[in-house]
Participant: 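One structure follows; several queries about it will come next.
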Amino acid sequence: MALHMIKLVVGCDTIDDLVAWHKEGHPWVMHTRMTPKRIDEILDGGSLYRVFKGQVLCRQTILAIDTVGEGQNARCEVTVDPAIVRVAPQPRRAFQGWRYLKPEDAPPDLTEGEAADLPPELARQLRELGAW
């Protein structure tokens, strides 16, 4: 069974901001300091779940995990599929770095119809009120 990763998005407030940032030629690579020890489980179909303003909103399939550099200068690069899959929004508190995310704790994918039904801000407000 695949293991996932979850990470806060810094510098983008929405999924559209993330897509626009990558249209400027930035590769779909997430940089981080710590290389996961459970790489084989992650590469067995795992995804990178992204947290925007306290909500998990989307995921991207992880294609490769590479360690770049050596010693204290070593860093990890996680290459993800450019295709973004929207997921059922799930609240998540702030944390540093990335975390493992078990499949049973991952939010379910939204269908295309569900993803297009509500603007993200309205959906967030409804969740906060307990109405959705």
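Computed from a predicted structure; not experimentally measured.
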Participant: Quick check on the hydrophobic clustering: are I39 and V68 connected, directly or via other members, by side-chain heavy-atom contacts under 4.5 Å?
Facilitator: no
Participant: With side-chain hydrogen bond (donor to acceptor under 3.5 Å, both in side chains) as the criterion, how do R50 and Q60 come out once you've worked through the C-alpha distance, each side chain's angles and the decisive distance to 0.1 Å?
Facilitator: CA-CA 8 Å; R50 297 186 183 261; Q60 293 173 279; 2.7 Å; yes
Participant: Taking it one step at a time, do V29 and V78 satisfy side-chain contact (heavy atoms from CB on, under 4.5 Å)?
Facilitator: CA-CA 5 Å; V29 175; V78 179; 5.9 Å; no
Participant: As a quick check of understanding, evaluate side-chain contact (heavy atoms from CB on, under 4.5 Å) for I6 and V51, giving each step before the final call.
Facilitator: CA-CA 7 Å; I6 186 167; V51 181; 3.7 Å; yes
Participant: Same cluster for V80 and L3 if Ile/Leu/Val/Met/Phe/Trp/Tyr side chains link at under 4.5 Å?
Facilitator: yes
Participant: Which heavy-atom pair separates G45 from A2 by the least distance, and what is that distance?
Facilitator: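 That would be C-CB, 3.5 Å.
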Participant: Once you measure the plane-to-plane angle for W28 and H22, does it fall in the parallel (<30°), tilted (30-60°) or perpendicular (>60°) bin?
Facilitator: parallel
Participant: Establish whether I65 and Y49 are linked, either directly or via other cluster members, by ILVMFWY side-chain heavy-atom contacts under 4.5 Å.
Facilitator: no
Participant: Determine whether R75 and N73 make a side-chain contact, defined as any pair of heavy atoms from C-beta on separated by less than 4.5 Å.
Facilitator: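 Contact flag for R75/N73 side chains = no.
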Participant: Taking side-chain contact (heavy atoms from CB on, under 4.5 Å) as the criterion, tell me which of D13, D17, V9 meets it with F52.
Facilitator: V9
Participant: Is the shortest side-chain heavy-atom distance between R99 and M5 below 4.5 Å?
Facilitator: no
Participant: Considering only heavy atoms from C-beta outward, does the side chain of L101 approach that of R92 to under 4.5 Å?
Facilitator: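 They are in contact (side-chain heavy atoms under 4.5 Å apart), so the answer is yes.
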Participant: Which distance, rounded to the nearest 0.5 Å, do you find between the CG of L57 and the CG of L18?
Facilitator: 10.5 Å
Participant: Could you walk me through whether I62 and L43 satisfy the side-chain contact (heavy atoms from CB on, under 4.5 Å) test, starting with their C-alpha distance in whole Å, then the side-chain angles of each, then the deciding distance to 0.1 Å, before giving a yes or no?
Facilitator: CA-CA 7 Å; I62 296 173; L43 292 177; 4.0 Å; yes
Participant: What I'd like to find out is whether the side chain of H31 reaches to under 4.5 Å of the side chain of C76, using heavy atoms alone.
Facilitator: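 H31 vs C76: side chains apart.
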Participant: Okay, side chain of W98, backbone of M34: is any donor-acceptor separation there less than 3.5 Å?
Facilitator: yes
Participant: Kindly say whether I42 contributes a backbone atom to a donor-acceptor pair with the side chain of Y100 at under 3.5 angstrom?
Facilitator: no
Participant: With the 4.5 Å side-chain cut-off for hydrophobic clustering, are L48 and V56 part of the same group?
Facilitator: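 L48 does not cluster with V56.
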Participant: Can you find a heavy atom in the side chain of H4 that is under 4.5 Å from one in the side chain of R59?
Facilitator: no
Participant: Kindly check if the number of other-residue, nucleotide or ligand heavy atoms within 6.0 Å of CD (E104) is above 12?
Facilitator: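 Result for CD/E104: enclosed.
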Participant: Atom CG in D109, atom SG in C58: separation rounded to 0.5 Å?
Facilitator: 10.5 Å
